[in-house]
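Atom set for the values below is all heavy atoms of this structure, side chains included, hydrogens, waters and symmetry mates excluded.
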Amino acid sequence: MKTFRFSNRVLFFISLFLCVLFALSFIPGFSTASRKKNTGKAFTTALLNPDKAASVSTLELHQGGKSIALKKNTAGIWTGCESNEERTENDEKSFFCDEDEIKNIIGKLKNIIKLYKISDKIQNEQLYGLNENQRLWVKYSILDDETSFFIGNLDSSGGNYYISTADNIWKTKALLSELKKMNASVYVSPYLFPKFQNKELQLVSWKKIKNMSGASSTNSAYSGNPGASDYSEGRMIPSSSEDFTKLLSLRHGPLLSDYDASPENSTEESAPECIIKLEYSDFYFVNLSFFRIDEKSLYIKIQNEDVNYAVSVSDWTYKNLCNLLGLNI
């Protein structure tokens with residue numbers, strides 16, 4: 001009798017143990033297949049090789065039919081272009097980039113992050129915000145080598161982004177919100193007089209080539225070189241002076257898209273109040289054409305062989321600019 005009872009107890013505990021194992025097999029992380037996919041350890045990497053960060057020559061963001069393309073030319077100048085499904089290539093207007101913003105983005109890409117694998121198959125993309133209409137497609141190139149990945153939604157905790165690379169879906173706590181700015185104005189150089197990180201491209205002179213009335217004139221110019229001659233209109237501002245620092249710190253407003261920035265569309269009635277030609281070292285020129293909108297605001301066309309765009313500017317900033325340059329308004 002005792003032997004029979006002992007056998008029953010053994011069978012009971014064996015059955016209980018097997019039932020527990022069977023139940024655990026349905027919990028992620030306990031099944032053999034799940035353990036192969038997710039060992040509980042993070043995969044540490046960077047989305048951009050830190051050693052090659054300085055060699056990035058293009059950066060593209062695509063989402064929901066809208067694209068922002070940023071590229072660096074041979075002189076090291078970053079320009080950008082915004083487009084969408086409704087705009088043709090001729091409608092796209094290139095702009096000087098805020099190179100600090102690009103430096104910030106590249107800095108985020110080269111940071112070492114931890115990735116946790118969610119799946120080794122691209123499926124149920126909509127659950128992760130990785131379907132074609134939701135995801136942000138990030139591409140960058142180093143010489144002829146192009147790399148891309150997708151950024152999806154935040155998870156339910158609000159602290160992790162889903163991303164996909166090749167055939168895998170991952171989760172990461174990396175701060176990827178900096179990459180999800182699809183407003184081109186974020187990437188436009190904010191300064192009236194564009195600044196470049198290339199130290200060989202420094203502002204050396206300016207020249208006013210239109211009177212405020214629109215009448216042609218070339219009697220106003222500036223050179224940042226100490227000892228340069230004064231002109232009948234305008235004044236010299238040494239590059240070491242406080243006024244020169246103020247001049248380079250003046251900022252404009254957002255990028256404008258509801259106008260055609262082409263000189264052939266100008267009429268006598270819409271002639272610019274002022275055109276200022278900027279000369280940077282290495283014979284690099286930029287034209288700024290100021291057009292009056294109303295008594296409180298203007299817009300500026302910024303043009304040369306690399307860019308053609310317009311930004312808004314307040315009347316206060318415009319008057320401050322003219323005062324610093326010694327121009328009569």
Side-chain angles (χ1 to χ4, degrees), residues 77 79 93-101 185 187-197 201-226 228-257 259 261 263 266 270-281 284-304 306-329:
I77 298 173
T79 60
K93 299 173 177 63
S94 296
F95 51 80
F96 286 124
C97 291
D98 180 353
E99 297 188 2
D100 287 333
E101 181 66 25
S185 288
Y187 305 99
V188 176
S189 172
Y191 301 102
L192 283 183
F193 287 13
K195 294 181 182 180
F196 308 109
Q197 290 186 359
L201 284 173
Q202 300 299 314
L203 181 67
V204 295
S205 69
W206 67 265
K207 188 173 185 180
K208 181 183 144 198
I209 57 177
K210 285 276 188 180
N211 280 333
M212 298 302 172
S213 63
S216 179
S217 173
T218 57
N219 66 344
S220 177
Y222 152 78
S223 173
N225 299 321
S229 300
D230 289 327
Y231 288 80
S232 57
E233 187 178 3
R235 70 186 183 100
M236 180 186 76
I237 311 174
S239 57
S240 59
S241 71
E242 183 179 349
D243 280 352
F244 189 77
T245 301
K246 289 180 180 178
L247 181 68
L248 295 186
S249 66
L250 290 176
R251 293 173 175 247
H252 56 68
L255 182 70
L256 299 178
S257 58
Y259 88 108
S266 298
S270 62
E273 289 199 3
C274 179
I275 299 177
I276 295 176
K277 185 174 186 177
L278 306 179
E279 180 182 354
Y280 292 80
S281 48
Y284 191 71
F285 299 93
V286 180
N287 284 344
L288 308 180
S289 302
F290 293 79
F291 295 83
R292 174 68 61 179
I293 297 175
D294 53 42
E295 61 180 15
K296 294 184 178 181
S297 59
L298 305 91
Y299 70 86
I300 315 169
K301 289 183 179 180
I302 302 177
Q303 298 165 310
N304 73 355
D306 292 322
V307 300
N308 178 24
Y309 64 108
V311 291
S312 63
V313 64
S314 68
D315 182 66
W316 181 90
T317 301
Y318 177 59
K319 288 178 179 177
N320 200 0
L321 170 68
C322 291
N323 288 335
L324 284 170
L325 298 181
L327 299 175
N328 297 321
I329 57 174

Donor-acceptor pair, His252 side chain versus Thr317 backbone, under 3.5 Å?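 No, because the side chain of His252 does not come within donor-acceptor range (under 3.5 Å) of the backbone of Thr317.
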Asn304 (side chain) donor-acceptor with Phe285 (main chain) under 3.5 angstrom: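 Yes, the answer is positive, given that a donor and an acceptor are paired below the 3.5 Å cut-off.
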Determine whether Ile275 and Lys301 make a side-chain contact, defined as any pair of heavy atoms from C-beta on separated by less than 4.5 Å. no
I'd like to know whether Phe96 forms a side chain to side chain contact (heavy atoms under 4.5 Å, CB included) with Tyr191, so could you lay out the CA-CA distance, the side-chain angles of the two residues, the decisive distance to 0.1 Å, and finally the verdict. CA-CA 10 Å; Phe96 286 124; Tyr191 301 102; over 6 Å; no
Where do Phe193 and Leu248 land on the side chain to side chain contact (heavy atoms under 4.5 Å, CB included) test, with the steps shown first? CA-CA 6 Å; Phe193 287 13; Leu248 295 186; 4.1 Å; yes
Using the side-chain contact (heavy atoms from CB on, under 4.5 Å) definition, which of the options Phe95, Tyr280, Tyr284 pairs with Pro194? Tyr280
Just how far is it from atom [atom1] of [X] to atom [atom2] of [Y], taken to the nearest 0.5 Å?
| X | Y | atom1 | atom2 | value |
| --- | --- | --- | --- | --- |
| Asp243 | Leu325 | CG | CG | 10.0 Å |
| Ile77 | Glu99 | CD1 | CD | 7.5 Å |
| Gln202 | Glu279 | CD | CD | 13.0 Å |
| Lys246 | Ser241 | NZ | OG | 9.5 Å |
| Leu298 | Ser289 | CG | OG | 12.0 Å |
| Phe290 | Leu321 | CZ | CG | 5.0 Å |

Tell me whether Lys277 at atom NZ has more than 12 heavy atoms from other residues, nucleotides or ligands lying less than 6.0 Å away. no
Checking [X] now: which residues fulfil salt bridge (charged side-chain N to carboxylate O under 4.0 Å, His left out) with it, not counting sequence neighbours?
| X | value |
| --- | --- |
| Arg251 | none |
| Glu101 | Lys181 |
| Asp306 | none |

Among residues at least two apart in sequence or on other chains, which ones pass side-chain contact (heavy atoms from CB on, under 4.5 Å) with Ile293?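 If we apply the side-chain contact (heavy atoms from CB on, under 4.5 Å) test to Ile293, skipping adjacent residues, the hits are Ser297, Tyr299.
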Can you list everything that forms a side-chain contact (heavy atoms from CB on, under 4.5 Å) with Asn320? Sequence neighbours excluded, please. Leu250, Trp316, Leu324
I would like to know whether Leu288 and Trp206 meet side chain to side chain contact (heavy atoms under 4.5 Å, CB included); could you show each step before the answer? CA-CA 10 Å; Leu288 308 180; Trp206 67 265; over 6 Å; no
Sequence neighbours excluded, which residues qualify as side chain to side chain donor-acceptor pair (under 3.5 Å) partners of Gln197?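 Expected list: Asp100.
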Closest non-hydrogen atom pair between Ser185 and Leu255, with its separation: OG-N, 3.0 Å
